[in-house]
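When a ligand or atom number is given, it counts from 1 through the structure's own listing order. On a predicted model such as this, the values are computed, not experimentally measured, just so you know.
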Amino acid sequence: MSAQHDLPLFVDLEAKPVLVVGGGVVAERKINSLLESGAIVTVVAPEITGHIRNLEQSNALIWVTREFEVLDLQLAKFWLAITATGVADVDNLVVALCEDDQIWCVNCASGQTSSAVFAAQGKTADGIQIAVSGNRDPKRAVAVRDAILYELDLGLIDPGPQRGQALGSDTAHISPSADKTGTVTLVGDGPGDPELITLRGLARIRQADVVVVDRLAPQALWTRLPLGIEIVKVGKEPGKHSVSQDEINEIIVDRALKGQQVVRIKGGDSFVLGRGGEEVQACVTAGIPVEVVPGITSSIAVPAAAGIPVTHRGVTSSFIMASAHDGAKSVLSAIGNTPSEATLVLLMGAGRLTEICQALIEVGYSPTTPLGVVEAGLTPDQNVTISTLQEVAQNGLKPGNPSVVVIGEVVRMRTELGDLSPASTYSGFLNSEHIDSRESATSRANFDVASS
Ligand SMILES: C[S@@+](CC[C@H](N)C(=O)[O-])C[C@H]1O[C@@H](n2cnc3c(N)ncnc32)[C@H](O)[C@@H]1O
């Protein structure tokens, strides 16, 4: 009996006689499933579990109180037999007799000798039935079944609307009912690797009517969105109208007031130099329910990926994260009187790094303080440069965007730890058809923004 040629089949056992040989816990589990399917169950076993006994006493099944006998297959016109005696000779005999009589037989002790096998099965609250075959390896089947149920539960897999509830998948997400309350959810999608979004963040995105994204949102994430979710891009793009923060606030509030479930995707964490607070303020002012799903911030995760912990016992127990957008002035005002043992993490500092290093030396930082620059962290293009304040102050350094700059003794840890996070191997639902359809939805959305 070859597993490779198994035919996955759902069969109707309602009112069909089924024989179960054996009365232990394995048999008990199968009996429960059979009774749920409406089968008429006959159990042949000298002893049975308390649960099977209760079933027998409530007339849910027939119990023949003895060892299996060859003629037992004639007790009724059985469609299926299950053998779970724990005695190989008996199980094999049942299998052989069933084969002769053309009765499907599940040998619970050996998938290889069975002419039928149970799938690992489960059901969601709204009745979706999952059945997985593990090529006769029940443990693998159970693992896959559990993973699918888990993802369905979290909303990571979208089974689509139930038949009769919506016209089709393309319209299901974009037609909010008039009385539906709109919401806004800010989701931080991490520093660039599509695997680094949280489960909750992904679930919210999948339940959205519309997602509003910046240029920084990982492209691969889009391919995970069910068709029918509208994408509105609000990041700066060459040759296109750039959308101001006020306009972004207006877009998300306006969509929510129309009853849509709006998800605003932001790079890293929405509240770390992400202007998420302003968007929440706009929603609160408009009386819109708003939720924030935290994201993994690049300020900690990107150094970590390069083997630089922002704190390390015996080196430093504090770090300062600052925007270097306005150059040395903003960095110096952020560090104030903080001791220079604290690690300094600079975001948006790529363009003015030389000037910043000079200023730090001038305010008393040791010129030999190590400095690490991590460009495009946690992406396949991650690039790490290690230097010192003095070297950069004298020779200059112009890393690409985006980059996180780390200044402090912890940078030396990289020598010992090395790169700690491989680029994602996630491919998800990546296929050209999916990407094409997402991109055409995006173009449509851009047109909407420009004309609004
Ligand atoms: C406007 S800030 C947004 C930060 C974001 N909210 C966060 O929590 O990571 C953008 C800056 O984040 C840093 N950044 C974001 N992603 C990065 C990455 N993958 N590699 C290096 N730096 C990154 C860069 O310093 C970039 O200039």
Side-chain angles (χ1 to χ4, degrees), residues 185-198 201 212-221 233-237 242-245 248-249 263-280 292-310 319-328 330-331 334 343-357 371-387 392 397-408 411 414 419-424 426:
T185 306
L186 268 61
V187 173
D189 71 2
D193 179 335
E195 283 185 332
L196 292 180
I197 189 168
T198 64
V212 181
V213 296
D214 295 325
R215 190 168 50 117
L216 266 184
Q219 300 284 316
L221 184 64
K233 266 184 162 183
V234 292
K236 280 190 197 141
E237 277 186 273
S242 119
V243 188
S244 70
Q245 186 61 51
I248 296 171
N249 296 354
V263 169
R264 171 73 172 115
I265 305 181
K266 296 174 92 58
D269 182 88
S270 309
F271 279 9
V272 177
L273 303 177
R275 307 194 70 172
E278 291 162 63
E279 294 176 20
V280 172
V292 174
V293 180
I296 295 179
T297 176
S298 63
S299 54
I300 299 172
V302 166
I308 306 173
V310 290
F319 68 95
I320 308 166
M321 193 283 304
S323 161
H325 186 254
D326 296 325
S330 57
V331 174
T343 305
L344 184 51
V345 179
L346 303 180
L347 267 53
M348 299 189 281
R352 299 172 73 174
L353 198 51
T354 311
E355 159 206 331
I356 292 168
C357 292
L371 170 147
V373 181
V374 190
E375 298 171 64
L378 290 154
T379 76
D381 300 326
Q382 175 168 309
N383 181 43
V384 184
T385 307
I386 302 296
S387 185
V392 178
L397 183 64
K398 271 223 164 200
N401 249 323
S403 289
V404 170
V405 178
V406 194
I407 296 168
V411 172
R414 176 174 164 78
D419 275 336
L420 292 180
S421 187
S424 169
Y426 179 81

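- Backbone and side-chain nitrogen or oxygen atoms of Met348 are examined, and one is located within less than 3.5 angstrom of a nitrogen or oxygen of ligand 1.
- An N or O contact shorter than 3.5 Å is missing between Gly349 and ligand 1 by distance.
- On a distance-only criterion, Val272 and ligand 1 share at least one N/O pair closer than 3.5 Å.
- Polar contact check, Thr379 against ligand 1: no nitrogen or oxygen pair lies under 3.5 Å apart.
- Every atom of ligand 1 with a heavy atom of Val404 under 4.0 Å away is listed here by number and element: 21 (C), 22 (N), 23 (C).
- Scanning all heavy atoms of the two residues, the minimum distance from Ala324 to Ile356 falls at CB-CD1, 3.6 Å.
- Comparing heavy-atom distances from atom 13 (C) of ligand 1 across Gly351, Ser298, Gly276 singles out Ser298 as nearest.
- Only the backbone of Ala376 comes within 4.0 Å of ligand 1, counting heavy atoms alone; no side-chain atom from C-beta on gets that close.
- Below 4.0 Å from some heavy atom of Val374 lie the following atoms of ligand 1, by number and element: 21 (C).
- Panel note: side chain Ser403, backbone Val373; no donor-acceptor pair is recorded below 3.5 Å.
- Of the candidates Gly377, Ala301, Ser403, Pro402, the one placing a heavy atom closest to atom 25 (O) of ligand 1 is Ser403.
- The backbone N or O of Gly400 lies less than 3.5 Å from a partner atom in the side chain of Glu375, making a donor-acceptor pair.
- Taking every non-hydrogen atom of Leu273 and a distance limit under 4.0 Å, the qualifying atoms of ligand 1 come out as 1 (C), 2 (S), 3 (C).
- Ion pair Lys233/Asp214 not flagged as a salt bridge, since none of the NZ, NE, NH1 or NH2 atoms sits closer than 4.0 Å to an Asp/Glu carboxylate oxygen.
- Under a 4.0 Å N-O distance rule, the pair Arg264/Asp189 does not qualify as a salt bridge.
- With hydrogens and angles disregarded, no donor-acceptor distance shorter than 3.5 Å links the side chain of Ser421 to the backbone of Leu378.
- Between Gly192 and ligand 1, a contact under 3.5 Å exists for no N or O pair.
- Listed by atom number, the atoms of ligand 1 under 4.0 Å from Leu347 heavy atoms are 4 (C), 12 (O), 13 (C), 25 (O).
- Among the atoms of Asp269, some N or O lies under 3.5 angstrom from an N or O of ligand 1.
- Between Ser270 and ligand 1, a contact under 3.5 Å exists for no N or O pair.
- In this structure, Arg414 contributes its side chain and Ala306 its backbone to a donor-acceptor pair below 3.5 Å.
- For Pro191, a nitrogen or oxygen atom sits less than 3.5 Å from a nitrogen or oxygen atom of ligand 1, counting backbone and side chain alike.
- Those atoms of ligand 1 that come under 4.0 Å of a heavy atom in Thr297, given as number and element, are 7 (C), 8 (O), 9 (O).
- By the 4.5 Å heavy-atom criterion applied to side chains, Gln245 and Glu279 are counted as neighbours.
- The side-chain contact (heavy atoms from CB on, under 4.5 Å) test with Leu344 singles out one residue from Val331, Leu371, Val406, and that residue is Val331.
- Here the side chains of Thr198 and Pro294 are not in contact, with every heavy-atom distance at 4.5 Å or above.
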